[in-house]
Amino acid sequence: MAQTEPRRVEHQLTDKGYVPVYTTAVVEQPWSSYSEVDHAVWRTLFARQQELLVGRASAEFLRQQRAMGMSPDRIPKFDELNPVLRQATGWELIGVEGLLPELTFFEHLANRRFPVTWWIRTPEQLDYLSEPDLFHDLFGHVPLLMNPVFADYMAAYGRGGVKAHAIGPEALANLTRLYWYTVEFGLIDTPEGLRIYGSGIVSSKGESVYCLRDAAPNRIGFDLERVMRTRYRIDTYQKTYFVIRGFEELFEATRPDFTPIYARLAEAGSVPAGTVLDADRVYHRGTGEGWATDGDV
Ligand SMILES: [Fe+2]
């Protein structure tokens with residue numbers, strides 16, 4: 001693919017809000033330009049999350065992370081991870097400057113290319129960053145791309161995204177919620193109890209603990225249309241987490257054509273992030289403590 005020079009660019013705050021100024025091109029990971037501080041941030045976050053995730057993250061996530069051979073000591077080189085990933089599931093990592101426009105992102109996923117932001121947060125941003133960086137993308141997303149069923153789900157999601165993009169903004173919103181509540185913030189029911197597989201959680205110290213232990217959020221069984229109707233939080237921990245029973249459930253959910261589903265969902269309307277419905281399979285009904293009253297997107 002065409003490559004361009006990598007620039008380290010974060011969203012710029014202007015009078016129009018945060019404006020994305022990224023290139024959509026693929027960039028080569030400028031590995032030799034990482035500073036000792038960058039490597040130390042990786043090392044610190046990696047060690048902290050690995051310790052925290054024992055007994056919290058899904059065993060498959062932890063197993064695949066080991067299988068990938070990511071170095072805890074230095075920022076891994078995409079070129080060294082790619083042969084392992086390609087052999088496991090046919091996926092590959094590509095370097096990007098940051099968040100991509102939706103259609104570009106979907107096209108990469110549909111073709112089994114996972115975009116990874118090449119730059120890592122600063123030491124001042126260890127606990128919170130408003131957009132994905134290398135740690136979130138690589139530590140959080142990439143291990144499960146080694147799992148064949150999850151890898152197929154991600155590619156199916158990309159194909160679904162290309163279609164939804166052509167249908168219109170409401171369909172796209174429905175599909176984005178699916179990604180949010182599975183790939184980013186999903187929980188999985190295992191014989192040992194609920195475990196985390198969502199990348200947004202595994203890469204967050206606070207939410208790794210909150211999502212499983214705290215009494216405030218709902219934990220509700222996954223249902224495709226329910227999830228696609230549910231609004232979410234981008235500025236606080238989630239009010240609701242959806243629980244799958246296995247990665248097959250995710251892949252099966254993307255099997256049907258979503259076109260009639262989008263039409264049904266448009267009729268049904270959206271559900272606020274914290275609402276529990278009568279039809280829900282409830283693992284835990286949240287107390288709602290500490291919830292913001294507005295701000296669902
Ligand atoms: Fe993400």
Side-chain angles (χ1 to χ4, degrees), residues 9-11 18 20 22 24 26-27 29 41-42 45-46 49 53 57-58 60-61 64-65 68 70 75-76 78 81 85 91-110 112-121 125-147 150-151 153-158 160-161 172-173 175-188 196-208 210-211 227 230 232-238 241-242 244 247 250 254 273 297:
V9 188
E10 292 180 48
H11 281 185
Y18 281 92
Y22 298 131
T24 59
V26 172
V27 299
Q29 182 188 24
V41 166
W42 170 265
L45 288 170
F46 194 101
Q49 286 308 104
L53 291 176
S58 103
E60 179 63 2
F61 175 90
Q64 295 293 8
Q65 195 166 53
M68 286 211 78
M70 280 188 200
I75 293 173
F78 301 168
L81 299 176
L85 186 55
W91 276 78
E92 65 173 334
L93 310 180
I94 52 170
V96 292
E97 284 186 352
L99 283 174
L100 295 172
E102 280 150 339
L103 186 57
T104 310
F105 180 63
F106 294 142
E107 282 169 344
H108 283 313
L109 297 189
R112 294 186 179 248
R113 294 187 295 262
F114 193 78
V116 176
T117 304
W118 70 264
W119 54 266
I120 195 161
R121 66 194 73 183
Q125 295 168 318
L126 273 194
D127 291 321
Y128 182 74
L129 185 65
S130 64
E131 60 186 310
D133 72 332
L134 181 137
F135 183 73
H136 169 81
D137 287 339
L138 202 53
F139 182 97
H141 281 282
V142 173
L144 280 181
L145 291 175
M146 293 277 287
N147 173 288
F150 192 85
Y153 169 64
M154 288 289 279
Y157 178 84
L172 208 51
L175 197 71
T176 302
R177 291 173 190 148
L178 175 63
Y179 189 88
W180 191 263
Y181 279 121
T182 61
V183 177
E184 294 289 357
F185 292 96
L187 300 181
I188 184 166
I196 304 160
Y197 72 91
S199 321
I201 310 176
V202 295
S203 57
S204 158
K205 180 188 173 196
E207 200 152 6
S208 296
Y210 177 87
C211 71
V227 169
T230 309
Y232 55 86
R233 308 295 306 184
I234 56 169
D235 56 346
T236 64
Y237 295 154
Q238 299 308 304
Y241 297 93
F242 288 96
I244 58 169
F247 296 122
L250 283 184
T254 55
V297 297

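Counting convention: from 1, in listed order, for ligands and their atoms alike. Counting begins at 1 with the first residue of the sequence.
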- prompt: Which of the N/O/S atoms in His136 sits closest to the Fe ion (ligand 1)?
  reply: NE2
Side chain Arg113, main chain Glu92, donor-acceptor under 3.5 Å: no
query: Under 3.5 Å, is there a donor-acceptor pair between the side chain of Gln49 and the main chain of Val202?
result: yes
field: N, O or S atom of Asp137 closer to the Fe ion (ligand 1) than 2.8 Å
entry: no
statement: Between Glu184 atom OE2 and His141 atom NE2, the angle centred on the Fe ion (ligand 1) rounds (to 10°) to 100°
message: What verdict does the side chain to side chain contact (heavy atoms under 4.5 Å, CB included) test give for Tyr153 and Thr254, after you've listed the backbone C-alpha separation in whole Å, the side-chain angles of each residue and the deciding distance to 0.1 Å?
response: CA-CA 7 Å; Tyr153 169 64; Thr254 55; 3.4 Å; yes
- prompt: Between Phe247 and Tyr197, is the ring centre distance below 6.0 Å?
  reply: yes
